[in-house]
Amino acid sequence: MANVRPVSELAEHSTDVAQRILGSILHGPHGSGRIVETEAYGGAEDPASHAARGLTPRTEPMFGPAGVLYVYLIYGMHHCANVVTGASGDGQAVLIRAIEPVTITDKMREARPKARRDVDLANGPGKLCAALGIDRRHDRLDLTNNESMVRLDLRTPVAASHVVQTTRIGLSVAQDTPWRWYVSDSPAVSRK
DNA sequence: CGTTTGATGCTCT
DNA sequence: GAGCATCAAACGG
């Protein structure tokens with residue numbers, strides 16, 4: 001019963017879920033934080049998505065049910081965390097790009113030794129995975145299961161008046177598609 | 001300040 | 001073998 005509502009809210013298009021989960025809490029092995037920046041990926045029309053070229057061993061989680069965690073390694077050293085959305089077979093996900101730390105632990109600080117301010121602990125997709133202790137081992141976890149090492153605690157979405165929509169970061173294609181959203185008054189957004 | 005570049009390894013062609 | 005949904009240090013003005 002407790003998990004019925006979350007799954008249905010995540011089973012929509014990635015562009016809807018990306019906005020809806022701003023303000024929700026992401027919990028990892030090292031701590032937790034409030035989601036303040038997201039990007040939508042997927043759908044057959046998105047060439048920037050890992051799912052654009054069909055199902056592969058790596059992207060298989062994206063084609064599964066909503067509410068699952070998709071984690072991949074980027075540039076050989078950083079991890080990125082995504083929430084799978086849509087219906088099974090769609091190949092959609094929302095990349096979590098930044099969180100404001102809520103529960104800060106010693107493990108979190110040890111994983112991010114370069115961060116001087118708390119706000120720098122997780123203000124980027126690779127940084128947040130390091131801070132929360134998320135890596136490939138957590139790929140395919142059910143984010144809506146209270147027993148999971150990584151889970152998404154859905155909260156009231158941030159009001160649209162406090163949300164900015166822009167283009168996604170770091171892409172070589174689809175650079176004009178405005179599928180990135182962030183909380184305008186958050187100090188933990190990666191870039192404005 | 002701003003921009004550029006090196007690190008590092010997995011994934012798919 | 002090329003290309004990354006990145007980060008931080010090293011530049012230059």
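The basis for the numbers below is simple: all heavy atoms, side chains too, and nothing from hydrogens, waters or symmetry mates. Below, read A as the first sequence line, B as the second, and so on, with proteins coming before strands; counting in each chain starts at 1.
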* To do: Check every atom of C/dT6, C/dA8, C/dA5 against the side chain of A/Ser49 and return the nucleotide holding the closest atom.
  => C/dA5

* To do: Using a strict cut-off of less than 4.0 Å between a Lys/Arg side-chain nitrogen and an Asp/Glu carboxylate oxygen, indicate whether A/Asp120 and A/Arg117 qualify as a salt bridge.
  => yes

* To do: Verify the contact: side-chain N or O of A/Ser172 to OP1 or OP2 of C/dC4, cut-off strictly under 4.0 Å; return yes or no.
  => yes

* Does A/Tyr41 offer a backbone N or O that forms a donor-acceptor pair with the side chain of A/Asp46 under 3.5 Å? -> no

* Asked: Between C/dA5, C/dT6, C/dA8, which nucleotide gets closest to the side-chain atoms of A/Asn82?
  -> C/dA5

* To do: Measure from NZ or CZ of A/Arg191 to the centre of the six-membered ring of A/Tyr182 and say whether it is under 6.0 Å with the direction within 45° of the ring axis.
  => no

* To do: Compare every heavy atom of A/His27 with every heavy atom of A/Ser32, then report the nearest pair and how far apart it is.
  => CB-ND1, 3.5 Å

* Rounded to the nearest angstrom, tell me the gap between atom CD in A/Glu39 and atom C1' in C/dT6. => 12 Å

Using the 3.5 Å cut-off, write out each protein N or O paired with an N or O of nucleotides 9-13 of chain B and the distance between them.
residue	atom	partner	partner atom	Å
B/dG9	O4'	A/Gly76	O	3.4
B/dT11	OP1	A/Arg136	NH2	2.0
B/dC12	OP1	A/Thr56	OG1	2.1

* Output yes when A/Arg168 and A/Asp176 qualify as a salt bridge under the 4.0 Å nitrogen-oxygen rule, no when they do not. => no

* Asked: Between the main-chain N or O of A/Leu121 and the side-chain N or O of A/Arg112, is there a donor-acceptor pair closer than 3.5 Å?
  -> yes

* **A/Asp135 CG - B/dT8 P separation (whole Å)** => 18 Å

* Hydrophobic cluster membership, A/Val83 vs A/Ile169, 4.5 Å side-chain cutoff -> no

* Any stems for DNA chain C, made of 3 or more Watson-Crick or G-U pairs in a row, each with both distances under 3.5 Å? -> B:1-7 with C:6-12, B:9-12 with C:1-4

* Would you mind classifying the nucleic acid contact of A/Arg180 as base, sugar-phosphate or nothing, using non-hydrogen atoms under 4.0 angstrom? => nothing

